[in-house]
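Structure first, then comments.
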There are 2 protein chains.
Amino acid sequence: MPQAVPRPTLQRLLRYLRELERLEAEGTPTIASDELGAAAGTTAHQVRKDLSCLGTLGRRGVGYRVGDIVPTLRAALALDRQWRVALVGAGNIGRALCAYRGFRERGFHIVALFDSDPRKEGCTWARLKVLPMGQLRRTVAELGVELGIIAVPATAAQGVADQLVAAGVRGILNFAPARIIVPPGVQVRSVDLAVEAEQLAFLVSAQSTQPPQP
Amino acid sequence: MPQAVPRPTLQRLLRYLRELERLEAEGTPTIASDELGAAAGTTAHQVRKDLSCLGTLGRRGVGYRVGDIVPTLRAALALDRQWRVALVGAGNIGRALCAYRGFRERGFHIVALFDSDPRKEGCTWARLKVLPMGQLRRTVAELGVELGIIAVPATAAQGVADQLVAAGVRGILNFAPARIIVPPGVQVRSVDLAVEAEQLAFLVSAQSTQPPQP
DNA sequence: ACGTGTGAAGTCGTTCACAGCG
DNA sequence: CGCTGTGAACGACTTCACACGT
């Protein structure tokens, strides 16, 4: 049975899948854990441990058959289906996410776009009309939206999250620099662009002041 | 001496700093670890352990003086200064990052903008002219750029990283869905938007198939 | 003989409990 | 007495070593 997959393992599994899809496109029939590890930036040990979370996927003495495990991984990671997404916030970030090809390529379809600013209402981006927030609940229900993306200012984030949850969304990807509280049963992942930059700055700075050990 | 700060601790310290700056603006003079923990979404234990990485910052029986530790935190996290940043890639993501206020508010100034597409050359975004890649090296040196942001397609990412490193950049924030290899002494942080969505999808999906324990 | 799967050992981070200072 | 600082216990993830299937 698929016992819990640790978070770090999940991230790596997604990277392995990327690499394996590339190998599949190139026609590589089989790959060993050490090669996959090198391609994904980790070790053979780690690759085997991670993949073993999902069952017995390889063949001893041979390696992993690319054609076999790509579908297995896709299914295990819930990527063998399409996800309908609502995007809230038609600002700079919202516009970029709306146009981002990476989402659609991986099965994430933004099917509705909302903004509280009436001046933006009716504008069209990437074939989507900007709808007023008042229509969020009905639209999410009608279109069967399962995931929401928040791309609004920090002060508005919690309110938007509440509305998304009330509309029945099961997961939220939050780009606002604010902590969001949701009831159990709803998943949240936050991406804070400034925090990413700040982490980088710290690492750069720490490395200058602390030269590596002798 | 400031011994190594674990990565998860670093992330939390940045969140504490946000909360503390808010408290400072509100005029709160002092705060205890349990309140700060609640505000930042963690525990009092964790707050004290994290802050103790940076030295003895609190007063027993009192708590932490907001006015004291905000500057201390800023200095320890290398946020008591400005960072000059070069942005490569004038596509959707690049445009959004260029206009993103959060960076400037936190001391990250995008001072140069590059794209390999000659048609975009000379366009102006947020008071920045799009420059050709050929000018990257000289411009980075002249302006004293320390950090680079990559917002180009995956296939171009490694090449851009190489050019940034050759130009003397010390850290790279990578938004391309590709692994980037840099020499030691250069820091990289990657943000893969599709992977974030994929993780969310997995968590939502896993929760449906595995109801919580009895 | 080769490469996977996996228990065991090791490392890192979190949680805890209480001593210690204001 | 209140709240911090911190060593110690705990738990999670990683690294390792080797048995096992092909």
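Below, chain A is the first sequence line, B the second, and so on; all start at residue 1.
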- Task: Give a yes or no on whether the backbone of B:G63 and the side-chain of B:T30 come within a donor-acceptor separation of less than 3.5 Å.
- Result: no
- Could you state the atom-to-atom distance from CZ of B:R7 to C1' of C:dT11 in whole Å? 16 Å
- Message: By nearest atom, which of the nucleotides D:dC13, C:dG13, C:dA8 is closest to the B:P8 side chain?
- Response: C:dG13
For nucleotides 17-22 of chain D, tabulate all protein N/O to nucleotide N/O atom pairs closer than 3.5 Å, reporting atom names and distance.
residue	atom	partner	partner atom	Å
D:dC20	O2	A:R60	NH1	2.9
D:dG21	N2	A:G61	N	3.4

- Query: Between B:Y64 and D:dG2, is there a side-chain N or O to OP1/OP2 distance below 4.0 Å?
  - Reply: no
- Query: With no hydrogens and no angle check, do the side chains of A:Y100 and B:N92 hold a donor and an acceptor under 3.5 Å apart?
  - Reply: no
- Task: With sequence neighbours excluded, tell me which residues meet side chain to side chain donor-acceptor pair (under 3.5 Å) with B:R170.
- Result: A:S208
- CZ of B:R12 versus P of C:dG13: gap in Å, rounded? 10 Å
- Message: Tell me the interatomic distance from A:L51, atom CG, to C:dG3, atom P, rounded to whole angstroms.
- Response: 16 Å
- Would you kindly give the NZ-to-P distance between B:K49 and D:dG7, to the nearest whole Å? 8 Å
- Given atom CG of B:L57 and atom P of D:dT6, what is their separation to the nearest angstrom? 10 Å
- Atom CD of A:Q11 and atom P of D:dC13 are separated, to the nearest Å, by 12 Å
- Please give, in whole Å, the distance from C:dT15 P to B:D34 CG? 16 Å
- Gap between atoms CD and C1', on A:Q46 and C:dT6 respectively (whole Å): 14 Å
